[in-house]
Number of protein chains: 2
Amino acid sequence: MAAPTEALEALIRKLVSTSALTEEERQAIRRLPATIRHINPSQDLVEDGERPSHCGLLVEGWSYRYKLLDEGRRQILSFHVAGDTPDLQSLHLGTLDHGVGALTPCTFALIPHEHLRRLTAAFPNVAALLWRETLVDAGIFRTWITSMGRRLAYGRIAHLFCELYLRQEAVGLAADLRCPMPLRQTDLADATGLTTVHISRVLKALRDDNLITFERRQLVVHDWQRLYDAAEFDPTYLHLHSFTR
Amino acid sequence: MAAPTEALEALIRKLVSTSALTEEERQAIRRLPATIRHINPSQDLVEDGERPSHCGLLVEGWSYRYKLLDEGRRQILSFHVAGDTPDLQSLHLGTLDHGVGALTPCTFALIPHEHLRRLTAAFPNVAALLWRETLVDAGIFRTWITSMGRRLAYGRIAHLFCELYLRQEAVGLAADLRCPMPLRQTDLADATGLTTVHISRVLKALRDDNLITFERRQLVVHDWQRLYDAAEFDPTYLHLHSFTR
DNA sequence: CGCCCATTTGAAAAATTTCAAACGTAGTGG
DNA sequence: CCACTACGTTTGAAATTTTTCAAATGGGCG
């Protein structure tokens, strides 16, 4: 993996999962000039306040959006897996209002704004699909707001696990109630608005209740129904197509 | 106010504030068939789970997005003033993952998806500007997540007031540190993830500290700098153009 | 005037944080 | 192979923030 063309094929597969693309549209996507960039944990793809000239398509690894406040406070805004485009909005917003960091070693395919703009101007259908990606993103933000505002820590964490499992399942990265979960408790804390101490306690409760366990950085769901109930989960917001579970 | 054509002129003005529109593009927007709909508080423009066939352009009044959970819990996701399009994302997502309600009596101009799709297919520049609207929305969601996750009640409420003042100022609805603020304490509570009791106490603290007061459903900011500091406000996320304050 | 609704206040309870220390584990270098 | 270190996790106890419950207050309006 990692050749630019393969990254673009993955993008095509992702877009096609929503709506068909003509051969002409596929060709145009394949012609996008993409360069590969590797990012290590503790490095950023882009920083808060930057005005990027490229969009990054995540090819491999986990990345996350975040904002920093005073006194080392950090808020994680979203997690990203292969196929995601965590700074796609820079195409139309110019200045980034958050950073994008790497949780694990990441491979990104960088696509110049200029070419994306040309592509979307020529192919409204492709534009609509990329637009849609950013709209799903916004739906996830809305759901996180709801979680943080109206769920206790237990349900909030359960909800995040449901989301991350289903999103990975949808792109073939998870199956059998088992999925990669490289987050540290610090990351969970900064994503849910809690402290690591409390995360530790609530994870213990989730384990004691036999909903989940961890095995070598993998989440194992032991009782999907009860996890789902604890989270008051409603998958509508993920806007996945073939929804089975 | 309220004739469909005037609503569309307002939309044009809003879009133009970001990037110029050609005369042809303006004409195409003016040709959109819009129908007017009035919504009273306690009524919804659209409900969670619906598959709308129109997008609503808010012409007058305040509306809000929200989600409901068990036991009467409600989370407000955003507030909207004239010029906003709180269900624009339905154009590409199909199923709504939240409801849109009216805080005050509202006037909406309803534009059929079908015509919006035709417009955006024909005019990529217009598509980009509408896309951008949804991206600013997402930026606001990100900031709310940060507020809810990493700010105490005092700063969270201060932050919301900063945002609502600046957004109204940007579209000419506010000036002189004074703006309409029709929210009840219940709405503030459901927007910030707090309870009305706590909202009441924190508002008292904000008043006692001489940051703000209310006069006939208007917010009056007495000390912008200190409100701003209490909120740890950074206006980047609003992606406003002529930013003065 | 009386009623409805929103707001305020008080006191106790709950959720979560803070601070501090202990524990575990996976590398690194001797 | 062991000691050492770094980092992440766990645990305990006290403090803080916020909620809950309950009652009182206040304003607007028919």
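Here is the naming used below: chain letters follow the sequence lines, and residue numbers restart at 1 for every chain. No hydrogens, no waters, no symmetry mates; every other heavy atom, side chains included, goes into these values.
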Asks: Expressed as a whole number of angstroms, how long is the span from A:H198:NE2 to C:dA20:P?
Replies: 21 Å
Asks: Between A:R201 and A:R184, who's closer to the 5' end of DNA chain D by nearest nucleotide?
Replies: A:R184
Asks: Give the rounded distance in Å between these two atoms: CG of B:L183 and P of C:dA6.
Replies: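 Rounded to whole Å, this separation is 13 Å.
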Asks: Taking OP1 and OP2 of D:dC7, is either one under 4.0 Å from a side-chain nitrogen or oxygen of A:Q185?
Replies: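 A:Q185 to D:dC7 OP1/OP2: no side-chain N or O under 4.0 Å.
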Asks: May I have the distance from B:D208 (atom CG) to C:dT8 (atom C1'), rounded to whole angstrom?
Replies: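 Those two atoms, CG and C1', are 12 Å apart.
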Asks: Can you tell which of D:dT9, C:dC19, C:dT8 lies closest to the side chain of A:R217?
Replies: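 Side chain of A:R217 sits closest to D:dT9.
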Asks: Starting at atom CZ of B:F214, determine the distance to atom C1' of D:dG28, rounded to an integer number of angstrom.
Replies: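 Atom CZ in B:F214 sits about 19 Å away from atom C1' in D:dG28.
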Asks: State which of D:dT19, D:dT11, D:dT10 makes the closest approach to the side chain of A:K204.
Replies: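 The answer is D:dT11, which lies nearest to the side chain.
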Asks: Quick one: label A:R207 by what it contacts on the DNA or RNA (base, sugar-phosphate, nothing), any heavy atom closer than 4.0 Å.
Replies: sugar-phosphate
Asks: Mind checking B:I199 for me? I need base, sugar-phosphate or nothing, with any heavy atom below 4.0 Å counting as a touch.
Replies: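 If one applies the 4.0 Å heavy-atom cut-off, B:I199 turns out to touch nothing in the nucleic acid.
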Asks: Please tell me which of the listed nucleotides, D:dT18, C:dT16, D:dT9, lies nearest to the side chain of A:L194?
Replies: C:dT16
Asks: Without decimals, in angstroms, what is the distance between B:D190 CG and D:dT18 P?
Replies: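 One finds 16 Å between P of D:dT18 and CG of B:D190, rounded.
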Asks: Could you tell me how far apart B:L188 (CG) and C:dT7 (C1') are, to the nearest whole angstrom?
Replies: 12 Å
Asks: Does B:S147 reach the side chain of B:T192, with side-chain heavy atoms less than 4.5 Å apart?
Replies: no
Asks: Considering only side-chain heavy atoms of A:T195, which listed nucleotide, D:dT10, C:dT18, C:dT8, is closest?
Replies: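 Between D:dT10, C:dT18, C:dT8, the one nearest the side chain of A:T195 would be C:dT18.
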Asks: Just checking, any donor-acceptor pair under 3.5 angstrom between side chains of B:D190 and B:Y64?
Replies: no
Asks: NA contact type, A:L203, heavy-atom cut-off 4.0 Å: base, sugar-phosphate, or nothing?
Replies: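 Result for A:L203 = nothing.
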Asks: With the side chain counted from C-beta on, respond yes when A:W62 and A:V81 share a heavy-atom pair under 4.5 Å apart, and no when they do not.
Replies: yes
Asks: Rounded to the Å, how far apart are B:R151 CZ and C:dT17 C1'?
Replies: 18 Å
Asks: Does one side chain, of B:Y66 or B:D44, offer a donor that lies under 3.5 Å from an acceptor on the other?
Replies: yes
Asks: In whole Å, I'd like the distance from the CD1 atom of A:I157 to the P atom of C:dT16.
Replies: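 The distance from CD1 of A:I157 to P of C:dT16 comes to 9 Å, rounded to the nearest Å.
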Asks: Would you say that B:I140 contacts B:R167 through its side chain, given a criterion of any heavy-atom pair below 4.5 Å between the two side chains?
Replies: yes
Asks: Taking only the side-chain heavy atoms of A:V197 (C-beta and beyond), determine which of C:dT7, D:dG12, D:dT9 contains the nearest atom.
Replies: D:dG12
